[in-house]
There are 2 protein chains.
Amino acid sequence: MNLSNTSQYAIRVVSYMTFEDEDIYSASSLISKLGVSDKYLKRILTQLSEHGILRSTQGRYGGYILGKSPDKITLIEIVQAMESVEKYFGCVLGFESCTDEDPCTLHNKWAPIRNELMEFLNKTTIKDVLSNPSIIKF
Amino acid sequence: MNLSNTSQYAIRVVSYMTFEDEDIYSASSLISKLGVSDKYLKRILTQLSEHGILRSTQGRYGGYILGKSPDKITLIEIVQAMESVEKYFGCVLGFESCTDEDPCTLHNKWAPIRNELMEFLNKTTIKDVLSNPSIIKF
DNA sequence: TTTAATTGCTACTTTATTGTAGTATTTAAA
DNA sequence: TTTAAATACTACAATAAAGTAGCAATTAAA
Ligand code: FES
Ligand code: FES
C-alpha cells in the first residue's frame, strides 16, 4: 500500500507505547527509540493527543500516555488522525464515484481487494498488532 | 490504494485505445477524450512509447498505436513505466525488509492482502479490463 | 519565585508529484 | 521545397508531503 510516513510513525509510536510498559512517555524518549526527527514526531504526538488516542500532560515530568485501551484503538483511527483517508478507499482509476452501480472498468477486480484493505484498517486494533510478543520491531 | 494520477491516466489511455478501434490515435484526440491537460498527457504518451507499451509515429498523420496485444499488457507494466512501484509492495509500516523471516508487527495481517494486490497488478491485463464491454468509462 | 524539563505553536526548508509553457524536430502531402 | 500537423524535449510553476528550527507556554520541584 502506501500509508504516509506520518501515519506509519503514528502507528509505530502507539504500538511502542502499548508494548513497553512505562508510567509516562516523554517525546524525547520516544524520539530516541523510534529514530524519528524531533519536531516531526512531536507534531505527530500532539495530533494523536488532539484526537484522544493519546493523552498529554504538559510541564515538567509531563509526557504522553495512551488515551484509551489498546483494544479500542484501530489502525484507521490513527491514520485518520494524520491524514485524509478517502484516497485509500476511492476508485483505483481516480473516478469520482466508486460503487457497484457506477463502476469503472477495473471495479469488479479491484473492489474485493479494497474491501479487505478497509476491513484490515477498520478492524485491526493496537492490541491485535501486539498479539505476537515475539515480534518486537518499532 | 493510491496509484499516482500519472499511472491512473496511463491505464485509462491504454484502455481507451484498446476499446475504441481506430487506425491511429493522435495526442490531441486522446486529450479531448480523457480530459487530461495537453502537455501532461503528451509526456505520459511518450513514456508509454519508450517502454514499448505504445508505438509512436512522428510527423504529419503520425500518432500512437498499441505496442503489443492487449492481453500482453499488464497493469504493473503500465504503472512501472510511470513510477517506481516498490512502495506499493513494501512494509506497511515502512521498514526496510518485509519478509516472513523478518516481519514487523503488522506483517502477518498485511502480507496476504499485499499479495493479492501484487497479483492484481501483475496478472490483470488490459484485455481483462475490457472483458465487460457494457462498462465504458475512460 | 525561580528553574529545568516538558509539550505546543508558527514558520520555514526540502523534496516529490502534478501540471503548464514554449520550442524543436519529424514527416508526408501539396 | 514548402508547409501543416504531428510527436519530442527542456525548463519552469504550483501544490502537497516530509522534515527542520526556534520560541512560547506550562508545570512541578527545588
Ligand atoms: S469505480 Fe473504479 S474501482 Fe470502483
Ligand atoms: S514487514 Fe511490515 S508488512 Fe511485512
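We name chains A, B, ... by the order of the sequence lines, and we start the count at 1 in each one. Just so it is clear, the values below take in all heavy atoms, side chains as well, and ignore hydrogens, waters and symmetry mates.
Here Tyr16(A) pairs with Phe138(A) under the ring pair (Phe, Tyr, Trp, His ring centres under 6.0 Å) rule; sequence neighbours left out. Here Ser56(A) pairs with Ser49(A), Tyr64(A) under the side chain to side chain contact (heavy atoms under 4.5 Å, CB included) rule; sequence neighbours left out. By the side chain to side chain contact (heavy atoms under 4.5 Å, CB included) test, Ser84(A) is found to be paired with Glu86(A), residues two or more places apart in sequence or in another chain being considered. Residues satisfying the side chain to side chain contact (heavy atoms under 4.5 Å, CB included) test with Leu66(B), not counting sequence neighbours, are Val14(B), Met17(B), Thr18(B), Leu54(B), Pro70(B), Ile73(B). With sequence neighbours left out, Tyr40(B) forms a side chain to side chain contact (heavy atoms under 4.5 Å, CB included) with Asn5(B), Thr6(B), Tyr9(B), Val36(B), Ser37(B), Arg43(B), Ile44(B).
Applying the salt bridge (Lys or Arg N to Asp or Glu O under 4.0 Å) definition to pairs two or more places apart or across chains, none involves residues 13-23 of chain B. Pairs passing the ring pair (Phe, Tyr, Trp, His ring centres under 6.0 Å) check and including a residue from residues 103-126 of chain B, sequence neighbours excluded, read Trp110(A)-Phe120(B), Phe120(A)-Trp110(B). Applying the side chain to side chain donor-acceptor pair (under 3.5 Å) rule to pairs touching residues 113-126 of chain A yields Thr125(A)-Asp128(A), sequence neighbours excluded. Residue pairs meeting the salt bridge (Lys or Arg N to Asp or Glu O under 4.0 Å) criterion with at least one member in residues 48-71 of chain A, sequence neighbours excluded, are Lys68(A)-Glu77(A).
Met82(B) places its CE atom 17 Å from the C1' atom of dA16(C), with the value rounded to the nearest Å. Atom P of nucleotide dT18(C) and atom CD1 of Ile44(B) are separated by 9 Å, given to the nearest angstrom. One can place CG of Asn2(B) at 14 Å from C1' of dT18(C), the figure rounded to the nearest angstrom. Going from atom CD1 of Ile31(A) over to atom P of dA5(C) covers 15 Å, rounded to whole Å.
Each of Gly59(A) and Leu41(A) has a nearest nucleotide on DNA chain D; the 5'-most of these lies closest to Leu41(A). Both Thr57(B) and Asn5(B) lie near DNA chain C, and the one whose nearest nucleotide falls closer to the 5' end is Asn5(B).
Within residues 85-94 of chain B, no residue is approached by DNA chain D to less than 4.0 Å at the level of any non-hydrogen atom.
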Please write out each protein N/O paired with an N/O of nucleotides 8-12 of chain C under 3.5 Å, distance rounded to 0.1 Å.
| residue | atom | partner | partner atom | Å |
| --- | --- | --- | --- | --- |
| dG8(C) | OP1 | Ser56(A) | OG | 2.9 |
| dG8(C) | OP2 | Thr46(A) | OG1 | 2.9 |
| dG8(C) | OP2 | Tyr64(A) | OH | 2.9 |

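Of all nucleotides in DNA chain D having an atom under 4.0 Å from a heavy atom of chain B, the first and last in 5' to 3' order are dA4(D) to dA11(D).
No donor-acceptor pair under 3.5 Å is formed between the side chain of Lys127(B) and the backbone N or O of Ser69(B). With hydrogens and angles disregarded, no donor-acceptor distance shorter than 3.5 Å links the side chain of Ser29(B) to the backbone of Tyr25(B).
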